[in-house]
Amino acid sequence: MAKAISQYFKRIFDDYQVLVMVNPTDYSGIELIVHPDGKIEKTEMEFDEEIFDDLEADEFKPCGALEFQLTLAKA
């Protein structure tokens, strides 16, 4: 069975940024919130099948796995 490749998204707000990883097979994922002081909040997430539409509606843009993983390593 092939392993699903997670998809990564990012949105930059005025004073913080949010990065999201979504596994398209089971809609599990991780949300990272990067605060201005460098603090990173990590939240394990369970999404639904509309997550990609929701991210697009919320103006999230695709980002690379490397950027997400480097941020996650600091969390």
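Note: hydrogens, waters and symmetry copies are ignored here, and every other heavy atom, side chains too, is used. One is the number of the first residue; the rest follow in order along the sequence.
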Legend entry - Glu49 CD to Asp54 CG distance, which is reported to the nearest 0.5 Å: 10.0 Å
Legend entry - Test item: Phe52 and Phe9 side chains (from C-beta on) under 4.5 Å apart, heavy atoms: yes
Legend entry - Aromatic plane relationship, Phe60 with Phe13 - under 30° parallel, 30 to 60° tilted, over 60° perpendicular: perpendicular
Legend entry - Contacts of type side-chain hydrogen bond (donor to acceptor under 3.5 Å, both in side chains), residue Glu67, not counting sequence neighbours: Lys10
Please table the atom pairs, donor to acceptor, closer than 3.5 Å between any side-chain atom in residues 28-39 and protein atoms at least two apart or in another chain.
| residue | atom | partner | partner atom | Å |
| --- | --- | --- | --- | --- |
| Ser28 | OG | Asp26 | OD1 | 2.8 |
| His35 | NE2 | Glu41 | OE2 | 2.5 |
| Asp37 | OD1 | Lys39 | N | 2.9 |

Inset, instruction - State, to 0.1 Å, how close Cys63 and Leu19 come at their nearest heavy-atom pair, and which atoms those are. - result: SG-CD2, 4.3 Å
Legend entry - Side-chain touch Thr71/Lys74, heavy atoms, less than 4.5 angstrom: no
Inset, instruction - Working to the nearest 0.5 Å, report the span between CG of Leu55 and OH of Tyr8. - result: 14.0 Å
Inset, instruction - Decide whether Val18 and Met45 are clustered together by the hydrophobic rule: side chain heavy atoms of Ile, Leu, Val, Met, Phe, Trp, Tyr closer than 4.5 Å, transitively. - result: yes
Legend entry - Common cluster, Met21/Leu72, ILVMFWY with side-chain heavy-atom separation under 4.5 Å: yes
Inset, instruction - Can you establish whether the number of heavy atoms outside Gln69 located under 6.0 Å from its atom CD is more than 12? - result: yes
Legend entry - Over all atoms of both residues, closest heavy-atom pair of Ser6 and Pro24: CA-CD, 4.1 Å
Inset, instruction - Find out whether Ile51 and Val20 are in side-chain contact, i.e. whether some heavy atom of one side chain is under 4.5 Å from a heavy atom of the other. - result: no
